[in-house]
Amino acid sequence: VTAVNCIASDSGGLWLATGRQILRWDRLQFTPVTLPADAPGRPICVHVEARGRAWIGFAEAKLLVRSPDGTFSRFGAETFGTDANTIYNVSETSDGAVWVSTNVGVTTFTAGRTITFTRANGLPSDRVWTVFDDDEKNVWLSLDVGVARLHPDEFAKAASDPAYRLRFESFDSADGL
């Protein structure tokens with residue numbers, strides 16, 4: 001039995017990360033996605049964004065981005081913070097920002113910029129499991145200590161002012177989690 005760590009969809013089917021490989025389901029069969037020979041290890045998550053690029057996260061906090069033409073961009077662990085060693089999830093909010101959740105915070109790829117947010121910016125925990133936005137554009141983070149809901153402007157404020165502390169509403173076991 002093959003464990004599937006993550007499933008993502010695109011207009012033509014599904015993408016699966018198994019920890020050993022990336023597979024694509026085209027509604028008829030599973031086909032292995034050819035990764036570069038120097039791929040950084042075990043793929044544990046995949047996300048296909050609106051523009052068709054597949055973002056593949058690896059346990060070693062490295063990231064490959066596969067363009068629709070099959071070419072790859074690479075991002076090392078240093079992209080996500082000095083102590084980054086695991087990517088847990090890659091997701092996309094409705095504004096087109098791609099979020100990479102790691103053991104040391106969350107990194108957003110938006111408007112050609114890469115910005116990492118951590119406890120130093122005011123997050124209640126460094127380990128971020130996933131990011132999601134709701135119909136009101138609030139950004140939700142799943143954390144070791146519960147979930148946090150942030151107004152989307154909070155990240156822009158923190159990005160423009162390193163001294164700014166993110167403001168959020170936190171939910172934990174006291175709230176029924």
Check: Out of curiosity, does Val100 fall in the hydrophobic cluster containing Val104 (side-chain heavy atoms, cut-off under 4.5 Å, transitive links)?
Finding: no
Checklist line | Closest non-hydrogen atom pair between Ala158 and Leu166, with its separation | finding: CB-CD2, 3.7 Å
Check: Same cluster for Val90 and Val33 if Ile/Leu/Val/Met/Phe/Trp/Tyr side chains link at under 4.5 Å?
Finding: no
Next item on the list: Could you tell me which non-hydrogen atom of Glu60 sits nearest to which non-hydrogen atom of Arg42, and how far apart they are?
Entry: OE1-N, 3.6 Å
Item checked: Any side-chain heavy-atom pair of Phe171 and Arg149 under 4.5 Å -> yes
Next item on the list: Inspect the surroundings of CG in Asp83 and state if more than 12 heavy atoms from other residues, nucleotides or ligands are less than 6.0 Å away.
Entry: no
Check: Just wondering, do Leu63 and Phe80 contact through their side chains at under 4.5 Å, heavy atoms?
Finding: yes
Next item on the list: For Arg119, look at atom CZ and say whether over 12 heavy atoms of other residues, nucleotides or ligands are found less than 6.0 Å away.
Entry: yes
Item checked: Neighbour count above 12 (heavy atom, 6.0 Å) for Asp69 CG -> yes
Checklist line | Gap separating the CG atom of Asp135 from the OG atom of Ser94, nearest 0.5 angstrom | finding: 8.5 Å
Margin query: Can you tell whether the side chains of Arg74 and Asp38 come within less than 4.0 Å, N to carboxylate O?
Written below: yes
Margin query: So, taking the atom named OG1 in Thr107 and the one named CZ in Phe75, what distance separates them when rounded to the nearest 0.5 Å?
Written below: 11.0 Å
Checklist line | Student check: side-chain heavy atoms of Pro124 and Leu143 closer than 4.5 Å | finding: yes
Item checked: Same apolar cluster: Val48 and Ile7, side chain cutoff 4.5 Å -> no
Margin query: For Glu92 versus Gly96, what's the shortest heavy-atom pair and its separation?
Written below: OE2-CA, 3.8 Å
Check: If you take all heavy atoms of Pro68 and Gly52, which pair is closest and at what distance?
Finding: CG-O, 3.7 Å
Note to self: With rounding to the nearest 0.5 angstrom, report the NZ to NE2 distance, Lys137 to His151.
What the structure shows: 11.5 Å
Note to self: Nearest 0.5 Å, please: how far is CG in Asn5 from CZ in Arg20?
What the structure shows: 10.5 Å
Margin query: Just so I know, are the side chains of Trp99 and Thr130 near enough to count as touching, which here means a heavy-atom distance under 4.5 Å?
Written below: no
Item checked: Heavy-atom closest pair, residues Ile115 and Ala159 -> CD1-CB, 3.5 Å
Next item on the list: State, with a plain yes or no, whether a side-chain heavy atom of Leu64 is found less than 4.5 Å away from one of Pro36.
Entry: yes
Check: Could you give the distance from OG1 (Thr102) to CG (Asp126), rounded to the nearest 0.5 Å?
Finding: 8.0 Å
Checklist line | Step-by-step side chain to side chain donor-acceptor pair (under 3.5 Å) determination, Thr86 to Asn103 | finding: CA-CA 6 Å; Thr86 304; Asn103 64 300; 4.8 Å; no
Notebook entry, point to check: Looking at Trp140 versus Phe132, is the centre-to-centre ring distance below 6.0 Å?
Noted result: no
Check: So, do Ile56 and Leu35 sit near enough that their side-chain heavy atoms are less than 4.5 Å apart?
Finding: yes
Next item on the list: Might you work through the salt bridge (charged side-chain N to carboxylate O under 4.0 Å, His left out) test for Arg51 and Glu49, ending with a clear yes or no?
Entry: CA-CA 6 Å; Arg51 292 183 293 183; Glu49 46 120 277; 3.5 Å; yes
Notebook entry, point to check: Below 4.5 Å, heavy atoms only, C-beta onward: do Ile87 and Phe58 meet side chain to side chain?
Noted result: no
Next item on the list: Treating Ile, Leu, Val, Met, Phe, Trp and Tyr as nodes and any side-chain heavy-atom pair under 4.5 angstrom as an edge, say whether Phe117 and Val145 lie in one connected cluster.
Entry: yes
Item checked: Sole candidate of Val46, Thr31, Leu16, Thr34 that passes side chain to side chain contact (heavy atoms under 4.5 Å, CB included) when paired with Ile22 -> Val46
Note to self: Applying a strict under-4.5 Å side-chain criterion to I, L, V, M, F, W and Y, I'd like to know whether Tyr88 and Val106 cluster together.
What the structure shows: no
Next item on the list: Just say parallel, tilted or perpendicular for the rings of Trp25 and Phe30, cut-offs at 30° and 60°.
Entry: tilted
Next item on the list: Rounded to the nearest 0.5 Å, what's the gap from CZ on Arg165 to CG on Leu123? Could you check?
Entry: 9.0 Å
Checklist line | Any side-chain heavy-atom pair of Val131 and Asn89 under 4.5 Å | finding: no
Check: Which heavy atom of Ala17 sits nearest a heavy atom of Pro43, and at what distance?
Finding: CB-O, 4.0 Å
Next item on the list: State whether a side-chain donor-acceptor pair under 3.5 Å links Asp133 with Thr93.
Entry: no
